[in-house]
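Worksheet: the structure to be examined is printed underneath.
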Amino acid sequence: MKKHTARVSMAVIILLQVIFLGANALEKANLPVVLLSLAFVGIASVIAWRNVTRHTQDHLYQDIWLVGYVAFGAVLTYWLSTMTGTVIAVGLVGLAASFLPSLVKYSWVRAAPPAIYCGTFVGMTSPDVLPGYTHILFAGAAAGVLLVTSKNVLNGYGGKLGTVAFGGVFFMVLLMEWLWH
Amino acid sequence: MAVALTLGVIITGILGSMSTFFVSHHLGQGPVRSSAGLSLLVALMCEYLPLSVSQELASTIPYVFIGASFIGMASAEVLSQYVLMGLAGGIFGYLYLHASQFFTGFGGGLGTAACIALMVSLGTLALWKRIKKP
């Protein structure tokens, strides 16, 4: 079960990166130098993915908290960014979250900083893409589920939290498209 | 103007990844505090200090810095060489400059580009080792 969850999460994360790079390549199809460099990016990424270390941590009931943390971070950042600007909002929420474990000594707070920080990336979404707190809340929850299921994938790799957040936002945009059509 | 923006973005990318990694590991602040704290500092500087760069670059720097800082959140087991960290930051800057308009405004786009840039850096290292092997 643990192996299958990790494999599916890894496939989702790879698919998200392929979609992201693919969109770049499609848009720059008329620029051969950029296309060539994107081809190198693709090849080097495949080589790196083949060497990714696998982890085998157990999925725990406490991990469910992470979904809430991500959704909370997303909504808080989305709200704050209307007043301060996006990067300042992300910085403020992330910085405050990083101090939580030293202020609140409960075990369920220990994993909060990275999860809330992941949520802040969801909260960076423009209102033109996800127009409203409910959409952001659900995108945050979707990202939270991906964060929990990808517990054993890309541990310690910079950008993992962002890719997970992108997955949540992308899922929500797809859902909105599907519901409206 | 375009050259200044390109250079500014790539240099910011390199500084963002390396400084975050330094504060996280060498100053022991951890990845979240380092990335969030440094990004907040840079965003406040670009917002409130009179910088001698163009308005376009001053408004771009915070986004590039925070994106590159995600690379610096990597653990030392994954990547511990500053040269490769800087390379990943530079690649992130390049990806940022050529990012698709389709995903503009999507939260997590910067992080996805950061993860790809880190993978490219690691992949380049693996390729280099394979070529150097007798």
Side-chain angles (χ1 to χ4, degrees), chain A residues 16-17 20-21 23-24 26-28 34 37-38 40-41 43-49 51 53 74 85-88 90-95 97-99 113-114 117 120-126 128-130 139 143 154-170 173, chain B residues 17 20-21 29-33 35-44 46-47 62-63 65-67 69-79 88 91 94-95 98-127:
Chain A
L16 287 167
Q17 295 193 353
F20 188 85
L21 271 182
N24 286 7
L26 278 176
E27 259 189 42
K28 310 290 173 182
V34 177
S37 56
L38 288 177
F40 174 74
V41 165
I43 292 166
S45 298
V46 170
I47 293 168
W49 270 104
N51 297 325
T53 321
T86 314
V87 180
I88 294 178
V90 171
L92 283 172
V93 176
L95 194 62
S98 75
F99 286 102
Y117 202 42
T120 66
F121 308 152
V122 177
M124 286 177 90
T125 304
S126 156
D128 300 332
V129 176
L130 291 180
L154 285 185
N155 280 354
Y157 282 72
K160 177 197 170 177
L161 297 178
T163 311
V164 165
F166 180 69
V169 175
F170 191 69
V173 170
Chain B
S17 57
T20 305
F21 189 77
Q29 296 303 309
V32 176
R33 193 174 302 160
S35 168
L38 287 173
S39 301
L40 178 64
L41 190 70
V42 169
L44 287 173
C46 288
E47 183 81 24
Y63 290 97
F65 190 93
I66 195 168
S69 78
F70 303 152
I71 300 167
M73 290 174 76
S75 74
E77 288 79 40
V78 171
L79 191 60
I91 293 167
Y94 182 79
L95 288 175
H98 296 288
S100 159
Q101 298 295 311
F102 186 78
F103 291 121
T104 302
F106 273 62
L110 292 175
T112 309
C115 194
I116 293 170
L118 179 69
M119 289 311 225
V120 173
S121 194
L122 290 169
T124 308
L125 175 69
L127 256 178

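Chain identifiers are assigned alphabetically (A, B, ...) following the order of the sequence lines, protein sequences preceding nucleic acid strands; residue numbering begins at 1 within each chain. On a predicted model such as this, the values are computed, not experimentally measured, just so you know.
When each of A/F170, A/Y117, A/F40 is scored by its heavy-atom pairs under 4.5 Å with chain B, the top score falls to A/Y117. Ranked by heavy-atom pairs under 4.5 Å with chain B, the first of A/S98, A/S126, A/P113 is A/S98. Counting heavy-atom pairs closer than 4.5 Å to chain B, the top-ranked of the candidates A/V93, A/V41, A/V122 is A/V41. No other option in B/L125, B/L79, B/I116, B/T104 has as many heavy-atom pairs under 4.5 Å with chain A as B/I116. Between chain B and the options A/M124, A/E27, A/Q17, A/K160, heavy-atom pairs under 4.5 Å are most frequent for A/E27. In terms of heavy-atom pairs under 4.5 angstrom with chain A, the leader among B/Y63, B/F102, B/F70 is B/F70. Of the listed residues (A/L21, A/N155, A/V90), the greatest number of heavy-atom pairs within a distance under 4.5 Å of chain B belongs to A/L21. In terms of heavy-atom pairs under 4.5 angstrom with chain A, the leader among B/A113, B/S75, B/G105 is B/G105.
Shown here for A/L154 and B/C115, the closest heavy-atom pair between the two residues is CD1-SG, 3.9 Å. Nearest heavy atoms, A/V87 versus B/S39: CG1-O, 4.0 Å. Taking each heavy atom of B/L40 and A/G91 in turn, the nearest pair found is CB-CA, 4.0 Å. When every heavy atom of B/A126 is checked against every heavy atom of A/N51, the shortest pair comes out as CB-ND2, 3.8 Å. The heavy-atom pair separating A/K28 from B/H98 by the smallest distance is CE-O, 3.4 Å. Scanning both residues, B/L122 and A/A48, for their nearest heavy atoms gives CB-CB, 4.1 Å.
Both the backbone and the side chain of A/Y157 come within contact range of chain B, with heavy atoms under 4.5 Å apart. Interface remark: B/F103 contributes side-chain atoms only to the contact with chain A (heavy atom separation under 4.5 Å). When heavy atoms are compared at a cutoff of 4.5 Å, B/Y94 approaches chain A solely by way of its side chain, counted from C-beta outward. For A/I43, no part lies under 4.5 angstrom from a heavy atom of chain B. Neither the backbone nor the side chain of A/V164 has a heavy atom closer than 4.5 Å to any heavy atom of chain B. Heavy-atom distances place both the backbone and the side chain of B/Q101 under 4.5 Å from chain A. In this structure, chain B has a heavy atom under 4.5 Å from the side chain of A/V129, while its backbone stays farther away. With a 4.5 angstrom heavy-atom cutoff, B/L118 touches chain A only via side-chain atoms. Neither the backbone nor the side chain of A/D128 comes within contact range of chain B; no heavy atoms are under 4.5 Å apart. Interface residue B/S35: backbone and side-chain heavy atoms are both found under 4.5 Å from chain A. No part of B/A76 comes within reach of chain A, as not one of its non-hydrogen atoms sits under 4.5 angstrom from that chain. Using a 4.5 Å cut-off between heavy atoms, A/F99 contacts chain B through both its backbone and its side chain. Only the side chain of A/L161 comes within contact range of chain B, judged by heavy atoms closer than 4.5 Å. Neither the backbone nor the side chain of A/L130 comes within contact range of chain B; no heavy atom of the residue lies under 4.5 Å from a heavy atom of that chain.
Distance CZ/A/F121 to CD1/B/I66: 6.5 Å, rounded to 0.5 Å.
Although no hydrogens or angles enter the test, the distance criterion places a donor-acceptor pair under 3.5 Å between the side chain of A/N24 and the main chain of B/S100.
Taking the side chain as every heavy atom from C-beta outward, B/L95 and A/L38 approach each other to under 4.5 Å.
In this structure, B/F106 and A/F166 have tilted ring planes: the angle between them lies in the 30° to 60° band.
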